[in-house]
Amino acid sequence: MTHPLVSVRDLVIGAVTDSGREVEIIRSVSFDIQPGEIVALIGESGSGKTTIALSLMGHCRPGCSIGSGSISLGDKTVTDLSEPQRAALRGTEVSYVPQSAAAAFNPSQRIMDQVIEVTDIHNLMPRKEAEEKAVELFRALALPDPDSIGQRYPHQVSGGQLQRLSAAMALIGDPSLVIFDEPTTALDVTTQIEVLRAFRSVMDHSSMAGVYVSHDLAVVAQIADRIIVLKGGEIQEVGSTRDILENPQHPYTKELLAAFDPVPFVSARAQDVERRKPILEVKNLSAGYGAVVKGVPNFKVLDNINFRMERGTNLGVIGESGSGKSTLARAVAGILPRYQGDVLSDGEELRADLKDRTKDQLRRIQIVFQLADTALNPSQSVGSILARPLHFYHGLDRKARERRVIELLDMVQLPSNMRHRLPGELSGGQKQRVNFARALAAEPELILCDEITSALDTVVAAAMLDLLKELQRDLGLSYIFISHDLSTVEAICDEVLVMYKGKLVEALPAASMSQDAAHPYSRLLISSVPQLDPDWLVNLEHDPEMIRAMDGR
Amino acid sequence: MLRSLTTWVLVGQRLGIALITLVIVSFAVFFATEMLPGDVAEILLGQAATPEAVAGLREAMGLNEPAFSRFLGWLGGLATGDMGRSYVNDIEVVDLLGRRLGNSLRLAAVVTMICVPFALTCGIAAAMWQGSLLDRAVSILTISVISVPEFMVATLAVLIFAVWLGWLPALSYGADATSFVALIKAYAMPVITLTCVVSAQMIRMTRAAVIETINTPYVEMALLKGASRRRMVLRHALPNALGPIANAVALSLSYLVGGVIIVETVFNYPGVAKLMVDAVATRDLPLIQSCAMVFCVSYLSLITLADVIATLSNPRLRQ
Amino acid sequence: MIDHHDTPRGLRLPRFGYAFNMTGRIGLAVILFWAVIAIIAPLITPYPPGEIVDWDYFGPVSKSYWMGTDYLGRDILSRVLMGARYTVGISLAGVTLACAGGIVFGMVAAVIGGWFDTILSRLLDAFNGIPSLLFGLVVVAAVGSSIPVLILTLAAIYLPGSYRFARALAVNVNTMDFVTVARARGEKTGYLIRAEILPNILGPVLADLGLRFVFIVLVLSGLSFLGIGVQPPHADWGGLVRENIEGLSLGAPAVIFPCIAIASLTISVNMFIDNLPKKIRDRSQ
């Protein structure tokens, strides 16, 4: 056995809470990384994966500090070094690829200056040589216009390109360890593939070791040699990628894997569909933002959307960021008035602006947003958040409201005493349940769910989906489910609309999306969803024409 | 560096907005002063204010014309540099104001030259070593200065430099100083007082602006590249804080033209603020209006300048 | 302009679940002290504040005159105690009016948006350009000084700033999803402002009110110092400094104590606002 490159022993990292109490956020973590090996740290939010990764650079976020234990990197013990000595390691021995490259690039400097900054800080090579090396890296990372892209400012290149540029920034100092901190989480699936491919090819052709931090097992499977599963600041399980995927030991790992196999969805379609009018029918809908000139807004987002939806069925809307899927929900709800087309519910025309709709029309269609953090008023208790629609739509008195609030909490499987809490005191999953219960309080027929499971951890999101299905059975609801995550949509919808650049490209039955997809974009999108198979990325072949069409994003 | 056309369009927009605001302000100034109680003709005539005399004077001064046409006439006059004649001493307002404005601007220029470099250095240093002894000392000092009325700073300066040490005269007649030393002595006290007051504001706002940019992911990224604290602040945080800092400096400096009334009073310095206060006492409308316009123009041009600097320093807005 | 510097770690008041450090507590104590004085001043003045009680003018600190005597031989302690009424009372009334107006207009502008917002914002921005003390001087000189005029003038000076601050906060809250949800539910503007926006901007708005209170105290003192604030024989603290300014060269306590009173009030408001009690959120609980 060779001498390990990184060796972490009994690492304890503490944080100070607002009240001045010390808590351990990392508890006695030990692991090794061999030279050239890529190790994944996987876990949900709050599991400490980023904290551990940053500690390898000798850095802790404000409020945290390394309590005890040791970290050694090569022949140096990081935990014993002074701050200037640690700074000397950063960029040359160990480097960092951030989660959001868009935020990690200084908006007022050209990209090249930032990529080669490491060589300037540590006096590694003359500027000219560094620029040549950077261009070489740009080429290796398959960036377009490698010779001139460095002259641009960060806001002039796309998110996927920035993420690859940030990898170039990390590699320029020839470090022996690169830390990837969820580098593809903020990207669309089709972009994610290109970035993953680029990372893999650079890492394959070098002898650098890597730490890959992620919450997504399928992504990690494509790039890591070994996986460390974390929860609550402790290591749950360590094993080779194949072992973890095929033979998980720890219950938590099993749960993570189980969330990847959705239970096939059985539609709750009403029996008398034929006799009743569709719950939602959208004809030639167009909507956009900005100043309106001659009845047409400056920035058109939705272009001529048509679909219909039967009572008791669920409709999925997929597409990547900027495809207009959230705008569709807003236009249907009347938050963003359409400028053209019709929206009908039960054959009844809904006016473009929600101000012109009747209270009953508003009640029947409710919208639930992605981020429960911003969707719940932080200064109102859960009880009063849920009570407001009861008073507003149904005019219940205080006593009846209280009773109904408890019922609603019970429906979303939350304890009744939670009504006295403020949203800030709940976990992410609990907040999203309250967010959903508020829509239920209106007793709607159709709920527009805008990415409501996207911000949740895998296991929590799976439980939320189960709850939605159960409520649908009991209450006869219909959902429009907007998501960028195909497996979520697959798990709950009858039919799926694929959106691309504001247009509806295809409508597919959810159960046979991958077989039935005919449009090249739908095929690209569906085939880009990472699979748990470690060989998936290597074997994946894409329509070269579509990829060209997508390039530059 | 090549600036695209849109940059200049943006700058042009800023100037356009400033110009429109100026017209609105001039409108407000004109009609606000019109509403000052007391009839000008009666005040001017004093003892001799017989009804006939008042009516005659009103006619002669054009006071009987509709207010709006008088406003347009006044605005046109301003645009061509004709501010009218003072009611009280029958001198061209331009001459009266010009001399005082020169005094005010001279004082403002001296204070600016001392204050801006000093305040920026202190603010940036305090942000760079946030939480250090220096930062705490700067915080306590600035908070004390902005918490204390200006006349206290001024009287304290008199107490120390004029009464106890006897180095400087308690009163200032800057314009009449003959020798260089006398000039410095004449200006020293107002300058010391104003520097204290203005830089305290500027330091606090600069520090807050820099700290806000220090807490961004790209500055953390610089740390993870091995950059020193100095480099993080000067290379990464500061260029992005330029807009807010320019704004802070502009706001503080705008104070130097009209806000110095206390200093002008305490040190008997003949500036514009004092001129305006005297003009109000005598109901000298053309003078009041012109003074008010001077303050608004100086404020607007400083704010617009800061806006333009912010636009030019931000590559997002620039291209 | 709240200063976010590091403060010594908070002490814990377990019963309320708030952390409140020493600097903040001292600030609050001094504020409360002056507030109480302002209310009970007439009951505790050792001498009638307008009465000449000593032959000696600019008298030193003594057993019978704790803060010395003024330029006419009146007791300074009594005059400082009564001055608290004018300074604290006028400033409080002014700041309340300014902030109430600013907050209401700011929230309405943020929620309604469009032309109403643009015009109101431009107008008040332009008004901001007029130097505050000078505006006060002009108005008071023109209309004549009385306490209602002082209060209204001070409120008018600080309303645009308060509007700007509240509007910026309200615009941020207004973009939050919970406001969109309420709108989609069909709620009216009044409800949006009262239930969704106001509670979420209240904290920063109150801190802003504190800072503005300091500015108003300073401007009021400045006006009185220039002789157009509170009129004799009454005097606020700024007026006391003006009356006794000749005692400066003698180092008379008559001019020093009113200065200390002003500084103690304004500094402690600043201290309190920079160190407001923080609610303890223990993530691990």
Side-chain angles (χ1 to χ4, degrees), chain A residues 50 53-62 83-111 113-124 151-156 162 165-166 169-170 172-173 175 178-179 181 186, chain B residues 1-7 9-10 13 124 127-132 135 209-247 306 308-319:
Chain A
T50 299
L54 285 175
S55 72
L56 299 181
M57 305 189 81
H59 177 56
C60 287
R61 294 249 159 91
E83 188 56 31
Q85 286 170 318
R86 289 177 184 177
L89 286 182
R90 294 174 192 148
T92 55
E93 293 292 317
V94 52
S95 64
Y96 182 74
V97 180
Q99 167 163 7
S100 168
F105 271 95
N106 184 335
S108 65
Q109 273 185 18
R110 286 173 198 276
I111 289 166
D113 294 334
Q114 304 190 51
V115 169
I116 63 170
E117 190 179 8
V118 166
T119 64
D120 182 33
I121 292 173
H122 303 284
N123 281 323
L124 299 178
Q151 296 312 307
R152 301 194 209 164
Y153 283 98
H155 69 277
Q156 294 168 321
L162 270 184
L165 287 165
S166 71
M169 191 158 78
I172 193 112
V178 183
I179 291 166
D181 188 1
Chain B
M1 211 182 292
L2 211 123
R3 307 244 193 271
S4 68
L5 189 68
T6 45
T7 317
V9 171
L10 270 174
Q13 260 176 16
I124 292 166
M128 195 180 312
W129 294 289
Q130 193 187 346
S132 68
D135 182 31
V210 175
I211 283 180
E212 196 163 304
T213 34
I214 285 181
N215 295 328
T216 53
Y218 55 81
V219 175
E220 189 188 38
M221 190 66 223
L223 171 100
L224 293 175
K225 284 187 200 169
S228 60
R229 184 94 188 146
R230 211 183 138 81
R231 189 185 180 106
M232 280 158 59
V233 172
L234 297 183
R235 286 268 184 107
H236 292 278
L238 199 55
N240 290 294
L242 222 52
I245 291 178
N247 206 20
V308 170
I309 290 175
T311 311
L312 294 182
S313 75
N314 185 345
R316 252 170 229 273
L317 297 178
R318 188 161 64 197
Q319 256 131 32

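Chain letters run A, B, ... following the sequence lines, proteins first, then strands; residues in each count from 1. The model shown is predicted, which means the values in this text are computed figures rather than measured ones.
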Interchain contact, [X] with chain B, by part (heavy-atom threshold 4.5 Å):
| X | answer |
| --- | --- |
| F105(A) | backbone |
| I179(A) | neither |
| A103(A) | both |
| Q114(A) | both |

>> Counting only non-hydrogen atoms closer than 4.5 Å, does L223(B) touch chain A with its backbone (N, CA, C, O), its side chain (CB onward), both, or neither?
In response: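 Interface part for L223(B): both.
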Which heavy atom of [X] sits nearest to which heavy atom of [Y], and what is that distance?
| X | Y | result |
| --- | --- | --- |
| I121(A) | G226(B) | CG2-O, 3.4 Å |
| Y218(B) | A104(A) | CB-O, 3.4 Å |
| P239(B) | S108(A) | CB-OG, 3.7 Å |

> Tell me, do E83(A) and R229(B) make a side-chain contact under 4.5 Å, heavy atoms counted?
Replying inline: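 With C-beta onward as the side chain, the pair stays apart.
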> Would a distance-only check, ignoring hydrogens and angles, find a side-chain to backbone donor-acceptor pair under 3.5 Å from Q109(A) to R235(B)?
Replying inline: yes
>> Any salt bridge linking R231(B) with E117(A)? Criterion: basic side-chain nitrogen under 4.0 Å from a carboxylate oxygen.
In response: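 Yes.
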>> Testing T92(A), D120(A), V118(A) one by one against K225(B) for a side-chain contact (heavy atoms from CB on, under 4.5 Å), which residue passes?
In response: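 Going through the options one by one, the only one that passes is V118(A).
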